[in-house]
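Small disclaimer: the values here were computed from a predicted structure and weren't measured. Order of listing sets the numbers, starting from 1, for every ligand and every atom in it.
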Amino acid sequence: MKRILFTNEIIQKRIKELAESIDKDFKNEEIIFVCVLKGAFIFTADIFKSIQNKNCTIEFIRASSYIKQESSGSINLINYLETDINNKNVIIVEDILDTGLTLKSLVEFLNNSKPKNLKTCVLLDKKARRKVEFEADYIGFDIEDKFVIGYGLDYDEKFRNSSHIYYLSGK
Ligand code: XMP
Ligand code: MG
């Protein structure tokens with residue numbers, strides 16, 4: 001069964017606020033947004049459109065660790081970056097921060113290229129689930145430790161195309 005957590009309207013409102021903070025922090029400096037596939041593709045598209053600064057580009061990276069509802073612990077990365085991020089402003093855009101393992105490995109990986117600035121932007125943050133210390137720079141919503149689907153987030157690859165975010169519960 002699924003219960004609505006955030007409607008698309010609420011999500012869009014929060015995205016506008018996050019985009020305003022990013023615009024304020026970076027003014028018109030060049031920014032490379034790195035979308036973490038697959039879950040963040042819809043969030044990245046919406047936040048990218050809301051950024052007023054047009055001196056922005058988009059890149060993609062693929063990270064996977066989840067099998068159905070369980071975190072497998074090891075992160076697989078597929079790097080699709082087509083540009084050199086050395087000495088650039090980079091913002092990683094991720095759907096959800098959970099154990100912290102994915103973003104921690106991504107940050108370590110991208111830091112090898114020595115960007116000028118490396119920030120992280122997550123739509124959802126499940127702070128209670130953290131296994132490694134990690135704080136995102138831009139956070140949409142803090143949520144409880146429950147599995148969520150919709151708006152890019154999946155259960156076994158399904159439900160990514162729901163426009164609202166739902167809690168998935170067994171009952
Ligand atoms: P970690 O544990 O590495 O997890 O911080 C981040 C990745 O785990 C996935 N994840 C979820 N996916 N509903 C989902 O559809 C959830 O409630 C959920 N919690 C974590 C997600 O892909 C994210 O990239
Ligand atoms: Mg996923």
Which atoms of ligand 1 have any heavy atom of [X] under 4.0 Å away?
X: Asp95; result: 21 (C), 22 (O), 23 (C), 24 (O)
X: Leu153; result: 12 (N), 13 (N), 14 (C), 15 (O)
X: Glu94; result: 23 (C), 24 (O)
X: Thr99; result: 1 (P), 2 (O), 3 (O), 5 (O)

Using the ring of each side chain (for Trp, its six-membered ring), is Phe159 parallel, tilted or perpendicular to Tyr155, with breaks at 30° and 60°? tilted
What part of [X], side chain from CB on, backbone N/CA/C/O, both or neither, has a heavy atom under 4.0 Å from ligand 1?
X: Leu103; value: neither
X: Lys131; value: neither
X: Arg129; value: neither

Identify whether the distance between the nearest side-chain nitrogen and carboxylate oxygen of [X] and [Y] falls below 4.0 Å.
X: Lys16; Y: Glu20; result: no
X: Arg130; Y: Asp125; result: yes
X: Lys38; Y: Glu157; result: yes

For residues 138-152, tabulate all N or O donor-acceptor pairs below 3.5 Å that involve a side-chain atom, not counting sequence neighbours.
residue, atom, partner, partner atom, Å
Tyr138, OH, Asp25, OD2, 2.6
Asp142, OD1, Lys127, NZ, 2.7
Tyr151, OH, Asp46, OD2, 2.6

Ignoring angles and geometry beyond distance, decide whether Gly100 reaches within less than 3.5 Å of ligand 1 through its nitrogen or oxygen atoms. yes
Does any N or O atom in Leu97 lie less than 3.5 angstrom from one in ligand 1, N or O only?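 No.
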Please determine whether any non-hydrogen atom of Lys126 lies less than 4.0 Å from an atom of ligand 1.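 Under 4.0 Å: yes for Lys126.
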contact_flag Ile96 ligand 1 heavy-atom lt 4.0 Å: yes
Testing Asn117, Val90, Ile22 for side-chain contact (heavy atoms from CB on, under 4.5 Å) with Ile31, which one passes? Ile22
Any donor and acceptor pair, going by atom type alone, linking the side chain of Glu59 with main-chain N or O of Glu82 inside 3.5 Å?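 A pair under 3.5 Å: yes.
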Are the side chain of Asp95 and the backbone N or O of Leu123 linked by a donor-acceptor pair below 3.5 Å?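 No, because the side chain of Asp95 does not come within donor-acceptor range (under 3.5 Å) of the backbone of Leu123.
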